[in-house]
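Have a look at the structure below, then the notes.
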There are 2 protein chains.
Amino acid sequence: MKEGPDIAQIGALIGDPARANMLAALTGGKALTATELAAVGGITLQTASAHLAKLEAGGLLLPRKQGRHRYFTLADETVARPIESMMGFAASRGHLRHQPGPKEPALRKARICYDHLAGDYGVRMLDSLVARGAIDAVGDGLALTAKGEETFQCIGINVADLKASRRPLCRSCLDWSERRAHLAGSLGKALLVNFFDKGWARRTAGSRSVIFSPEGERQFLALFPVETPVAA
Amino acid sequence: MKEGPDIAQIGALIGDPARANMLAALTGGKALTATELAAVGGITLQTASAHLAKLEAGGLLLPRKQGRHRYFTLADETVARPIESMMGFAASRGHLRHQPGPKEPALRKARICYDHLAGDYGVRMLDSLVARGAIDAVGDGLALTAKGEETFQCIGINVADLKASRRPLCRSCLDWSERRAHLAGSLGKALLVNFFDKGWARRTAGSRSVIFSPEGERQFLALFPVETPVAA
DNA sequence: TCCATACTTCGACCGTAGCCGAAGCATCTC
DNA sequence: GAGATGCTTCGGCTACGGTCGAAGTATGGA
């Protein structure tokens, strides 16, 4: 016994409902203030403050002071990964806590997963990129092809810049709603940022869902077609 | 709020030290009895029984009754994945709970990770396979090459059989002690089983470490060489 | 300077969950 | 059948952690 890393600590941190809600909200990749996090956790500000102190001490969160606000983000990708895989587990067991409201379908359609696009649209995008040979799905990983490099240049993404960073370019991320892979990594992030910049889509306040404008949706669907079977 | 899967439940289950120890022990892939798990958790049998009931109800464990014993295993790979990624996180933060004993070095050298080889030897094996072109490290994923298929046939692994299963052939798994990737997936499992069958290595009771016989070690190192720099 | 806002600290309350001793089933061995 | 072994259930104790009200500190704006 007593071998290996101590997983009980991080487990306990995630194990409280209020904290779990906060962390799940931060999976959206956006920095949130203590007050906002108190709201998503369904607790008062004092209690939230105590929780946030614990999460910070545990190395899960990074605080950033800005004026009289304190913004929190997930510390890095090694924090996001356990959370995502736990969501995958929970989804596979049907432990959903959905209050089936209008937001639910929107969330399944397109949402932010840490810093890239997930949901139906995220899966569709990757499928389409693979189908056209821009990305190779090889084994359980993903790789950019020469043809893909061209494609992304056209879209307006400078792949050379991304390659300079140490972060993996392509990474496959399991989607809890679709149970299929979507594109993560720096390329996944760059694509989402690109959509925002072009005004095709925007974030929603207080939710992880991504809303496409009518025009943006048209463009997106045209850019990432799916091969439809011939007959109806 | 209240969107997406409920991660608090699984977090709380992993969050108790006794349960975390049990789960970590089961990451070794071997089925363990309630009494054995009580020992690794450092608690009495009654308490362990209560914990195991909770883990089972939460869908983390699968019990199998055999005579007057009850054997427990992790339910499936979707359970092992969050645990492994949490170990990765904890290791990256230095949350080790090592009782530095004689077992520690052995554990870092070679151990079981769910069902495949991890530790220094696991990392070395993958490095060597990549260096000789048997496996392609592409993006963050892994893929078997044509040349590799030959190689594994020689070693005594029927790749065609593995391909028939739905489980991914190659998967990269982050090693918490080495902080580098080793080979998981059905191929990783097949290799480890192969070593056991050949008598090169064996499991140890009550630990996840893998012990190589002197002859087995010689063979293993010869089979998976590392390109050493020329000078001393 | 004065007030509003954002957040933290303190202190007290309370519920839950972990823990074990003792007793109760179930299964195997002889 | 008697006894040993593996495990579960019950009951009661205890402690820890989550919760909030109230008061305190920092920042920004008028």
Side-chain angles (χ1 to χ4, degrees), chain A residues 1-2 6-26 30-73 97 205-206, chain B residues 1-2 6-26 30-58 60-73 95 97 205-206:
Chain A
M1 59 203 95
K2 305 283 176 240
D6 178 21
I7 60 174
Q9 192 180 15
I10 175 176
L13 285 173
I14 303 178
D16 177 81
R19 286 195 294 256
N21 283 335
M22 293 177 172
L23 290 169
L26 287 170
K30 205 165 23 171
L32 299 175
T33 67
T35 306
E36 289 168 328
L37 288 168
V40 307
I43 47 179
T44 63
L45 191 52
Q46 311 92 285
T47 308
S49 185
H51 283 308
L52 291 169
K54 282 183 190 180
L55 290 172
E56 189 187 340
L60 300 201
L61 297 186
L62 279 184
R64 210 171 11 136
K65 191 143 195 172
Q66 208 164 95
R68 53 183 163 183
H69 297 274
R70 265 183 93 203
Y71 285 93
F72 291 87
T73 51
R97 45 172 181 132
Chain B
M1 58 203 99
K2 306 286 175 236
D6 178 20
I7 60 173
Q9 193 181 15
I10 174 176
L13 286 173
I14 302 179
D16 177 82
R19 286 195 294 258
N21 284 333
M22 293 176 172
L23 290 169
L26 288 170
K30 205 164 23 171
L32 299 174
T33 67
T35 305
E36 289 168 328
L37 289 168
V40 306
I43 47 178
T44 63
L45 191 52
Q46 312 91 287
T47 308
S49 184
H51 282 307
L52 291 170
K54 284 184 189 180
L55 289 172
E56 187 187 341
L60 301 200
L61 297 187
L62 280 184
R64 209 169 12 136
K65 191 142 194 172
Q66 210 165 93
R68 53 184 162 181
H69 296 274
R70 264 183 94 204
Y71 285 93
F72 291 88
T73 51
H95 295 163
R97 47 173 181 131

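All values below were derived from every heavy atom in this structure, side-chain atoms included, with hydrogens, water molecules and symmetry-related copies excluded. Just so we're on the same page: letters track the sequence lines, and every chain starts at 1.
The CZ-C1' distance, from R68(B) to dG6(D), rounds to 7 Å in whole Å. Following rounding to the nearest Å, I14(B) (CD1) and dG18(C) (P) show an atom-to-atom distance of 14 Å. Spacing between atom CD of Q9(A) and atom P of dG17(D) amounts to 12 Å, rounded to whole angstrom units. Separating the CG atom of L45(A) from the P atom of dC10(C) is a distance of 16 Å, rounded to the nearest angstrom. What separates CG of L32(A) from C1' of dA6(C) is a distance of 15 Å, to the nearest Å. We find that CE of M22(B) is positioned 11 Å from P of dC7(D), with the value rounded to whole Å. A straight line from CG of L55(B) to P of dA17(C) spans 14 Å, rounded to a whole angstrom. Rounded to an integer number of Å, the gap from CZ of F72(B) to C1' of dG6(D) is 11 Å.
Here the straight-line distance linking atom CG of L32(A) with atom CG of L26(A) works out to 5.0 Å at 0.5 Å rounding.
With hydrogens and angles disregarded, a donor-acceptor distance shorter than 3.5 Å links the side chain of R19(A) to the backbone of L13(A).
Listed nucleotides dT8(C), dC20(C), dC7(D) differ in distance to S49(A); the shortest reach to its side chain belongs to dT8(C). Listed nucleotides: dC7(C), dG18(C), dC7(D). Nearest to the side chain of T35(B): dC7(D).
OP1 or OP2 of dG18(C) has at least one side-chain nitrogen or oxygen of R19(B) nearer than 4.0 Å. The phosphate of dG17(D) has neither OP1 nor OP2 within less than 4.0 Å of any side-chain N or O from K54(A). In this model, the phosphate group of dC20(D) is approached by a side-chain N or O of T47(A) to a distance below 4.0 Å at OP1 or OP2. Checking the phosphate oxygens (OP1, OP2) of dC19(C), a side-chain nitrogen or oxygen of H51(B) falls inside 4.0 Å. OP1 or OP2 of dT27(C) has not a single side-chain nitrogen or oxygen of R70(B) nearer than 4.0 Å.
Pairing each heavy atom of F72(A) with each of P63(A), the nearest pair is CE2-CB, 3.8 Å. Pairing each heavy atom of A38(B) with each of T44(B), the nearest pair is CB-O, 4.1 Å. Closest approach of N21(B) to G41(B), counting heavy atoms only: CB-CA, 4.2 Å.
Using a 4.0 Å heavy-atom criterion, one finds that K65(B) contacts no nucleic acid atom at all.
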Polar-atom pairs under 3.5 Å, protein N or O versus N or O of nucleotides 21-25 of chain C: list them with distances, or write none.
unit_1, atom_1, unit_2, atom_2, d
dG21(C), N7, Q46(B), NE2, 2.5

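Of the candidates L61(A), I43(A), I14(A), M22(A) forms a side-chain contact (heavy atoms from CB on, under 4.5 Å) with just one, namely I43(A).
For the pair H51(A)/Q46(A), no side-chain contact is recorded, criterion being any heavy-atom separation below 4.5 Å from C-beta on.
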